[in-house]
Every structure is written in C-alpha cells, then in structure tokens.
2 protein chains.
Amino acid sequence: MTRAGQSRRKTGQAAAEGPHPTWRVTIREVAEAAGVSRSTASRALTGNGYVATLVRDRVREVARGLGYVPDATARHLRRQASQSIGVLVSDLSNPFYAGLAAGISQQARRRKYTMMLADDGGSPEVEAEAAEAFVALRVAGVIVTPVSAQISDYLARHRIPVVEVDRQFAAGDCDAVVVDNERAARKVTAHLLALGHRRIALVIDEMHWTTGRDRLAGYRAAFADAGVALDESLVVSAGWDVDTARIEAHKLLSRPQPPTAVFAANNVLAEAVWRAADELDLAIPERLSLVSFDDVSWMSLVRPGVTAVAQDAVALGEAAISQLFERIQSPNAPARTVLLSTRMVMRGSTAPPPPAGR
Amino acid sequence: MTRAGQSRRKTGQAAAEGPHPTWRVTIREVAEAAGVSRSTASRALTGNGYVATLVRDRVREVARGLGYVPDATARHLRRQASQSIGVLVSDLSNPFYAGLAAGISQQARRRKYTMMLADDGGSPEVEAEAAEAFVALRVAGVIVTPVSAQISDYLARHRIPVVEVDRQFAAGDCDAVVVDNERAARKVTAHLLALGHRRIALVIDEMHWTTGRDRLAGYRAAFADAGVALDESLVVSAGWDVDTARIEAHKLLSRPQPPTAVFAANNVLAEAVWRAADELDLAIPERLSLVSFDDVSWMSLVRPGVTAVAQDAVALGEAAISQLFERIQSPNAPARTVLLSTRMVMRGSTAPPPPAGR
DNA sequence: GCTCAGCCTGGGATCGATCCCACACCCGGG
DNA sequence: CCCGGGTGTGGGATCGATCCCAGGCTGAGC
C-alpha cells in the first residue's frame with residue numbers, strides 16, 4: 001500500500017489523476033484543470049471581481065468534480081480574519097454550561113462560524129492556557145464564563161473581542177451577558193421568609209464573583225427587607241462538585257439547630273442538598289424547604305419538584321453571540337452589559353416550616 | 001480614539017513602541033527587537049536547529065516582553081499539520097453527549113490539541129456542513145457520533161482520520177469506539193423477564209443504526225432465550241426529543257393492554273417514560289417497571305432510582321481520542337473497533353409485575 | 001598552515017488563498 | 001482614427017512561520 005501523501009505531484013503537472021486525487025486538492029489544481037490562472041479560479045469561486053459567467057461556471061464545476069474544499073487556514077492567514085470563535089466554559093458536564101454551549105454552537109453555525117470549545121474545569125491556569133490557544137488561532141472573538149479577572153484583559157490586549165457570560169469580572173471594560181442575580185435571589189429568599197422560615201441557609205460555592213456576590217447580596221437584602229436577623233453561620237461555602245458539597249450539606253443539615261429551608265446557589269449545590277436530605281431522611285418540604293438557583297431538568301422529575309430560579313442557558317448563549325458579533329462589527333462602541341431576566345418556577349419543594357423549627 | 005489596527009507600522013521600522021504594541025506582534029518584530037533574523041528567532045522559539053544559548057534566551061525574553069503568541073494559522077499552513085481536532089456530536093444538551101465532549105476536551109488539552117466542536121442536532125445536512133468545515137480547517141482528525149453513513153467516508157476521502165463513537169456506520173472501514181449494546185440490552189431485558197414480566201415494551205428512537213439495531217436485537221434475544229413470545233406492538237418508535245417521546249409513551253401506557261415494564265433505549269426516552277408514568281399516576285415499580293439504557297444523574301435522584309445500563313460517556317470520549325491519536329500516528333493500520341463494557345446499575349424501578357398484569 | 005567537522009546565522013522559498021495592479025480586448029463616441 | 005470606460009484575465013506580492021541550504025566562524029588535528 002502506498003503511504004498517503006508520500007509522493008506529491010510535481011507542480012505544473014497535469015492534475016487529472018483519477019477520481020480520488022492522491023493529495024489534497026488546492027486551488028492550483030482546480031485552476032489548471034479548468035485551464036485558467038489561480039487568480040481567475042479564486043474570483044470564480046469566491047465571487048469577488050470580474051469573471052466571465054461561462055468561465056465561472058466551468059471553474060465551479062471542475063472544483064466540485066475534484067472535491068475541492070478551500071483551505072480555511074490559508075484564507076484566514078491572507079484575509080487576516082478568522083471565521084471561528086472561541087468558547088470557554090467551566091464544566092461541560094454541568095447542564096447549565098452545556099446548554100450555554102449548545103446555544104452558542106447553534107447561532108455560530110447560522111452565521112457560518114465554527115466554534116472552538118474549551119473546558120477549563122474552573123481552573124485559572126487552564127483558562128489562561130485556553131486563552132492563549134485562542135489568541136494563537138486568531139479567533140474572531142471569545143465567549144467566556146470567566147474564572148479569573150485576567151482573562152478578559154489578556155484577550156483585550158490582544159485585540160480579541162470578548163463577551164463575559166454568566167459571571168462578570170471586567171464590568172465596564174468588557175461586554176457581558178448576565179442575569180439579575182441579586183433580584184432573583186432576593187425574590188426566592190423573600191418567598192421562604194414569607195412562608196415563615198427564619199433559619200434559611202444559603203449553600204453557595206464562592207462569594208467574590210458576580211454570581212456568588214450578588215446572590216449572597218440578594219439573600220441578605222431579603223432578610224433586611226423582612227426585618228429578620230440573619231444567622232451568618234447559615235451561609236455555607238460548599239465547594240464545587242456534588243460530592244464535597246453533599247458532605248457539607250450533610251453537616252449543615254445535621255447541626256443541633258438545623259435550617260428549616262435551604263437556598264442552593266446553583267444546580268450542583270441543589271443536587272448535593274437534595275442527596276444529603278435524602279441520606280438524612282429529611283422529608284421535603286415537610287421538614288426542609290429547598291429552592292435552587294438554576295432550573296435543570298431533574299428538578300421537574302423528582303417529587304416534589306424543586307422550586308427554582310430558571311435562567312435560560314440557551315438564550316444566554318444566543319444573547320452572548322449576538323453581542324459578540326455586534327462587538328466585532330464596531331470594535332470601539334462602549335462596553336455593554338446585557339441583563340437577561342429570570343423566572344421563578346414554583347414547584348412543591350417549599351412549604352411553611354415544621355412547628356418545632358420556628 | 002484611534003481605530004485599532006488602522007495604522008500598521010512600516011516593516012523594517014523599529015519595533016519599540018511602548019508596552020502595548022498597536023498591532024499584533026509577529027516573529028518579525030521579535031526578531032528585530034532581538035537583533036536577529038526571522039530564522040534565528042524561529043529556531044530560538046521552537047527549539048529546532050542550532051541557536052547559541054545566549055541568543056536563544058534573549059529572543060525568548062524579548063518575545064515574552066512583547067507578548068508574542070505565534071500564529072497557529074501560519075504555522076499550520078507551513079507545517080501542513082494542524083493541532084486541532086474536530087468533534088461532532090448530536091446534541092450537546094443531552095448529558096451523554098456533553099459528557100463525551102467533556103472527556104474528549106480534557107484529553108485533547110493534555111495533548112496540546114484544541115477542539116473544534118459542532119452540534120448537528122441529529123441532522124445529516126448539518127453534519128455534512130460541519131464535516132466540510134472540518135476539512136476546510138484541515139483538522140488533524142475527527143471524532144463523530146455519526147447520523148449518516150456518508151460522513152466517515154467523506155472525511156476519509158479527504159484523508160482525515162475519523163473515529164466513530166457510540167454509533168457505528170462504517171464498520172471495518174473506520175475506527176470506532178462503542179459499547180456492547182446487544183449484550184447489555186439482553187441482560188436488562190432478561191432481568192425483567194426473570195422478574196416475571198411478559199408484556200415488556202421497548203421504547204426506542206430508531207432501529208437502523210448500530211445502537212438501535214443492537215439494542216433491539218438484544219431485547220429480542222432475551223425473549224428468545226426465555227422462550228417467551230414477543231408482542232411486536234410493544235416495540236415503539238418514540239422520536240428524538242422528550243416531548244414527542246412523552247406523548248408516545250403516554251399512548252403506550254394507556255393502551256387497553258398496557259405493558260407491565262418498559263425498557264427505554266436511552267436517557268431521553270427514559271425521561272419521557274418517567275414523565276408519562278407520572279402523568280398517568282402509574283406507580284413505579286408497583287404498576288410499572290422501568291429500565292434505561294444510559295445512566296444519567298437524575299436516575300439516582302428520583303425515587304425509586306432508575307435501574308440502568310451505565311456507559312461511561314467520559315471514558316468513551318477518552319477512548320475515542322486515544323484511538324484517534326493512534327490512527328494519526330499510523331494512518332495505514334487496519335481499522336479497529338474498541339468495545340467498552342457497560343455496567344448494570346440496579347435501583348428500585350423494577351419489581352415483579354402486578355398480579356392483574358400477568 | 002591547512003583542512004574539516006561542528007556550531008551558528010541569515011536569505012529566500014514555501015505552504016494556499018487572496019487581491020492589487022497591469023494589461024488586453026471590445027465597443028461606442030467624438 | 002483615437003480615446004476612454006467597462007469587462008475579463010494573469011502575474012506576482014502578501015499574510016506569518018518554518019525550514020532548507022549556503023556560508024561564516026572557530027578550534028582541533030595533522
């Protein structure tokens with residue numbers, strides 16, 4: 001068997017070599033087969049500049065016959081403009097990020113852009129690495145759920161348009177698409193307070209990024225609104241993955257004075273609390289009320305369903321990409337933050353606290 | 001404000017222009033700033049060929065100072081070898097595909113490859129489009145969950161290594177990583193038969209691809225093994241998304257002679273059946289037993305948990321990528337199909353049929 | 001002193017597509 | 001008859017990085 005690509009045809013040689021050429025077809029082969037110059041072939045295929053209709057059709061026919069696919073690499077190098085965008089999320093296995101990526105992917109395709117996707121697993125080092133790869137590839141723009149403040153700045157220094165989604169680090173310097181975390185958190189906390197709960201725990205991952213900070217602020221604000229004192233020991237940092245969070249939640253729920261309600265700051269934490277409650281045989285909502293930020297499909301599968309703040313991940317992704325394209329169009333417009341609305345989905349996981357818990 | 005990139009520096013001019021250059025730094029600027037030729041700078045940065053240690057360090061220092069990031073586009077064009085792989089899945093919002101992508105992404109990063117991801121939504125046209133984009137980008141290889149037989153052939157014709165995952169269309173001509181669908185399906189069906197079920201429905205999406213065909217075959221084989229006659233009307237094509245499948249499942253479960261057990265051929269269908277059973281107030285497992293192919297997280301959150309065939313999507317992705325790299329290394333080795341094992345996870349969703357249902 | 005090998009550097013071609021520019025041709029109007 | 005505008009084509013430079021090759025230099029061996 002001949003090793004593929006071993007023997008490259010001499011340039012200038014006739015290009016007719018059977019139905020399946022030994023080597024990748026370039027515009028040169030197309031031009032030769034059609035009996036025109038590379039320039040003419042290029043014009044015929046791209047549609048830029050004058051070409052006789054007859055010639056254009058012939059060239060296109062020949063190109064199709066040879067299975068010619070223009071080399072995007074070469075085109076981008078010459079045009080100095082790439083047709084791909086970079087997308088950087090924290091965890092593809094999390095349905096929220098997966099939905100985000102799905103939305104972006106769909107819209108990118110509609111605009112004839114390809115998507116480079118990286119998953120940083122929440123690590124700033126990996127994030128930086130991925131950003132460098134995007135710079136190296138000269139992507140047209142990047143959509144990122146940032147885990148460090150440096151990333152947007154780094155990309156901006158390299159003149160790559162950036163849109164931050166979900167979280168926002170470079171407010172004012174960089175476009176962003178986020179939801180009103182504070183407002184939504186305030187509303188669900190108020191809901192629990194209105195039901196009569198006083199010992200409401202907040203299970204959260206971090207409290208410095210916009211998501212964590214604002215959800216915490218909303219939770220606090222709801223207490224202030226209701227004139228209820230807040231027990232700071234009920235704000236629990238529970239880590240990033242289900243397993244560690246489950247252990248933390250377990251501890252929280254087995255305290256001498258356990259909370260009567262839990263507000264989980266995202267879907268992973270909600271899953272952890274759900275599992276912990278199950279381990280401890282704490283009936284929801286009779287013994288424990290639960291609300292979640294981020295509505296994912298399992299929350300409507302379990303009984304009772306989990307009351308949650310729904311943010312449409314797909315819509316978030318779509319908004320991010322349209323923001324990105326606007327930015328690409330007008331690089332010097334002032335930075336803009338788009339605020340998407342959330343919806344509170346009432347299900348069965350909340351009820352007044354048990355008498356003993358008051 | 002000056003429009004970015006408007007005024008390009010004359011080549012040959014001194015490169016020292018403040019901390020943040022107006023334009024993207026190329027190897028030419030680095031070379032000039034370090035007082036060497038482009039060739040030497042290239043050798044210094046890549047480490048190929050002779051460079052004096054002193055010079056090398058100086059060039060690297062300068063490059064770092066200028067924030068030089070080599071243009072991957074140009075490098076690939078010259079080297080005729082790309083550092084990205086293409087990944088094409090059917091639906092990123094489905095946790096199975098998301099997990100697959102996550103596994104691939106992680107391993108790709110370890111090998112310093114970037115990942116182009118496309119989501120074809122199950123459409124052969126979109127799949128073909130994406131494949132063409134991958135060819136245009138001259139990716140080093142492609143991992144695909146195929147929806148048509150043409151795709152692998154098309155990519156192969158363009159000399160791009162391909163690995164089919166989950167489903168397999170081009171058996172023998174193309175590497176693949178799959179699970180033993182028939183065996184697993186046979187086992188879970190046998191489990192239901194052993195419990196005493198006779199009216200066991202198979203809710204499935206399609207029956208021509210390897211996944212559908214083999215799961216169906218396994219289901220059939222289990223009946224044959226048990227010497228039980230199979231009611232063909234219990235094999236139901238329920239479509240691709242939760243909503244249409246839920247409607248089909250609803251119809252199935254409200255038949256005059258409903259099944260006492262359902263084998264759902266994937267996680268989407270299992271969700272649909274679960275929801276339909278809930279709508280009809282059919283207690284699981286008392287009135288209806290349920291098993292699923294594909295174990296996703298909600299199946300251990302609901303009560304009772306869903307008995308399922310677990311296939312590790314992340315591991316599948318990792319196997320696919322290592323297979324792909326072997327293929328890139330030795331393009332002419334014979335095609336290989338890797339069979340990953342599955343695990344049957346017993347939970348509470350199966351029980352003997354109700355007396356009336358026998 | 002000369003040669004030769006090994007070290008080190010720079011010039012220029014190259015990858016594939018694009019695009020500017022020069023030029024050729026045709027036709028109508030002055 | 002000549003000129004100019006519109007149409008159509010090809011040559012060659014270009015994008016940025018790489019890499020082959022020629023050639024300069026040094027030092028050791030004869």
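Throughout, a chain's letter reflects where its sequence line sits, starting with A, and its residues are numbered from 1.
Under 3.5 Å, the side chain of A/S39 and the base of D/dG11 form at least one donor-acceptor pair of N or O atoms. Between the side chain of A/R75 and the base of C/dT18, no donor-acceptor pair of N or O atoms lies under 3.5 Å. Side-chain to base pairing of B/R43 with D/dT18: no donor and acceptor N or O lie closer than 3.5 Å to each other. Between the side chain of A/R79 and the base of C/dT18, no donor-acceptor pair under 3.5 Å is found.
One can place CG of B/N48 at 15 Å from P of D/dA17, the figure rounded to the nearest angstrom. Taking atom NE2 on B/H76 and atom C1' on C/dC15, their separation rounds to 13 Å, with Å as the unit. The separation between A/D71 atom CG and C/dC15 atom P is 12 Å, rounded to whole Å. Per the geometry, CZ belonging to A/R78 stands 16 Å off P belonging to D/dG12, to the nearest Å. For A/R38 and C/dC21, the CZ to P distance is 17 Å, given to the nearest whole Å. One atom, CZ of A/R28, and another, C1' of C/dC15, lie 11 Å apart when rounded to the nearest Å. What separates CZ of B/R58 from P of C/dC8 is a distance of 14 Å, to the nearest Å. Between the CG atom of A/L54 and the C1' atom of D/dT9 there is a distance of 15 Å, rounded to whole Å.
Residue order along DNA chain C, read from the 5' end via each residue's closest nucleotide, puts B/G49 first among B/G49 and B/R138. Take the nearest nucleotide of DNA chain D for A/S37 and for B/L45: the residue whose nucleotide is more 5' is A/S37.
Between the side chain of A/E164 and the backbone N or O of A/A170, at least one donor-acceptor pair lies under 3.5 Å. A/R167 contributes no side-chain N or O that, together with a main-chain N or O of A/V178, makes up a donor-acceptor pair within less than 3.5 Å. A donor-acceptor pair under 3.5 Å links the side-chain atoms of A/S322 to the main chain of A/A319, judged by distance alone.
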Could you give the side-chain donor-acceptor pairs of residues 60-71 of chain A under 3.5 Å, partners two or more places apart or in another chain?
unit_1, atom_1, unit_2, atom_2, d
A/R60, NE, A/A44, O, 3.0
A/R60, NH2, A/A44, O, 3.1
A/E61, OE1, A/R64, NH2, 3.0
A/D71, OD1, A/T73, N, 2.8
A/D71, OD1, A/T73, OG1, 3.1
A/D71, OD1, A/A74, N, 3.2

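At the phosphate of D/dG16, OP1 or OP2 sits under 4.0 Å from a side-chain N or O atom of A/Q80. Between B/Y68 and the phosphate of D/dA17, there is a side-chain N or O to OP1/OP2 separation shorter than 4.0 Å. Dashed line: the shortest gap from a side-chain N or O of A/T40 to OP1 or OP2 of D/dG10 is under 4.0 Å.
Using a 4.0 Å heavy-atom distance criterion, B/T46 is classed as a sugar-phosphate-only contact.
Side chain to side chain, A/Q106 and A/R109 fail the donor-acceptor criterion of an N or O pair below 3.5 Å. Between the side chains of A/R56 and A/T53, no donor N or O sits under 3.5 Å from an acceptor N or O.
Within the 4.5 Å cutoff, the side chain of B/E132 has heavy atoms near those of the B/Y154 side chain.
Distance check: B/L137 CG to B/M116 CE gives 5.0 Å after rounding to the nearest 0.5 Å.
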All N/O pairs under 3.5 Å across the protein-nucleotides 5-8 of chain D interface:
unit_1, atom_1, unit_2, atom_2, d
D/dT7, OP2, A/Y50, OH, 2.7

